[in-house]
Amino acid sequence: MTSPAFRTNENRPAATKPNFVQWLGYVAGKRLPLSMQDWVKNDLVGKGAVSRHLFRSMIPFLPIFVGFLVLFPGALWLRGSMVLLSVLLAMFYTVAFMDLNRGRRLQVHGLPADLKSDRKRAALDDERARYEKLHLRDR
């Protein structure tokens with residue numbers, strides 16, 4: 001039997017959550033290993049997915065925000081206003097394209113692009129049942 005220090009990767013259980021470097025790659029659009037598919041599913045459609053998406057989408061803009069704050073001349077309030085305007089604009093586009101980005105990320109990881117959370121699916125099923133009860137009862 002080999003000691004734990006000499007074990008190969010085959011003996012190690014597959015990671016189910018990305019490390020920091022993998023997470024940065026994930027933020028940039030890189031695909032995570034199949035062993036992390038449940039984590040990806042929870043990240044994109046689980047509870048708190050919207051706030052995670054908003055945070056994740058702001059990461060690539062950080063150099064721009066820092067550049068506006070540090071590199072531009074002027075009063076601090078003016079540079080802060082530039083950063084605030086940039087954050088609001090980035091947030092606007094992030095929210096506007098959230099469903100498309102989520103669908104693409106799901107596809108990249110081999111999941112259906114129209115995947116919904118359990119709560120959202122239950123709400124849609126309930127809405128459909130109410131519609132059928134109200135409008136299709138005569139058929």
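Numbers here are sequence positions counted from 1.
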(message) side-chain contact (heavy atoms from CB on, under 4.5 Å), that's the test. Do M58 and M91 meet it? Break it down for me.
(response) CA-CA 8 Å; M58 293 298 112; M91 200 65 79; 4.1 Å; yes

(request) Start with the C-alpha gap between R105 and V40, add the side-chain angles, then the distance that decides, and say whether side-chain contact (heavy atoms from CB on, under 4.5 Å) holds. (result) CA-CA 9 Å; R105 235 177 242 280; V40 170; over 6 Å; no

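- Scanning both residues, A113 and Q107, for their nearest heavy atoms gives CB-CG, 3.7 Å.
- Heavy-atom minimum distance, R79 versus G74: NE-O, 3.1 Å.
- Pairs engaging residues 34-47 under the side chain to side chain donor-acceptor pair (under 3.5 Å) rule: Y26-D43, D43-R52, D43-R56 [sequence neighbours left out].
- Considering all non-hydrogen atoms of both residues, P60 and P63 come closest at O-CD, 3.4 Å.
- Within a 6.0 Å sphere centred on CZ of R31, heavy atoms belonging to other residues, nucleotides or ligands number more than 12.
- Taking 4.5 Å as the limit, every side-chain heavy atom of S86 sits out of range of all side-chain heavy atoms of F61.
- The OG1 atom of T16 lies 11.5 Å from the CG atom of L32; values are rounded to the nearest 0.5 Å.
- L76 is listed as a side-chain neighbour of L69, based on a closest heavy-atom distance under 4.5 Å.
- With a 4.5 Å cut-off on side-chain heavy atoms, R128 and L124 do not count as touching.
- In the hydrophobic clustering of this structure, V21 does not group with M36; members are Ile, Leu, Val, Met, Phe, Trp, Tyr whose side-chain heavy atoms approach within less than 4.5 Å, directly or through other members.
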(message) Show, in sequence, the C-alpha distance, side-chain angles and deciding distance for V83 and I64, and conclude whether the side-chain contact (heavy atoms from CB on, under 4.5 Å) test is met.
(response) CA-CA 8 Å; V83 171; I64 296 170; over 6 Å; no

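- Y93 and F97 have parallel rings, their planes meeting at less than 30° on a 0 to 90° scale where 60° marks the start of perpendicular.
- Counting heavy atoms from C-beta on, the side chains of S57 and M98 never come closer than 4.5 Å.
- Residue pairs meeting the salt bridge (charged side-chain N to carboxylate O under 4.0 Å, His left out) criterion with at least one member in residues 91-100, sequence neighbours excluded: D99-R102.
- V70 and L78 fall into different hydrophobic clusters, where Ile, Leu, Val, Met, Phe, Trp and Tyr are joined by side-chain heavy atoms under 4.5 Å apart, directly or via other members.
- In the hydrophobic clustering of ILVMFWY residues, with side-chain heavy atoms under 4.5 Å counting as a link, L88 and F65 come out apart.
- The line from CG of L106 to CG of L44 is 4.5 Å long, rounded to the nearest 0.5 Å.
- With E132 contributing its side chain and A129 its backbone, the two residues share no donor-acceptor pair below 3.5 Å.
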(message) Between V27 and W23, is the side-chain contact (heavy atoms from CB on, under 4.5 Å) condition met? List the steps.
(response) CA-CA 6 Å; V27 167; W23 182 80; 3.7 Å; yes

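- When hydrophobic clusters are built by joining Ile, Leu, Val, Met, Phe, Trp and Tyr residues whose side-chain heavy atoms come closer than 4.5 Å, directly or via intermediates, L111 is not grouped with V108.
- Under the 4.5 Å side-chain contact rule for hydrophobic residues, L54 and L85 do not share a cluster.
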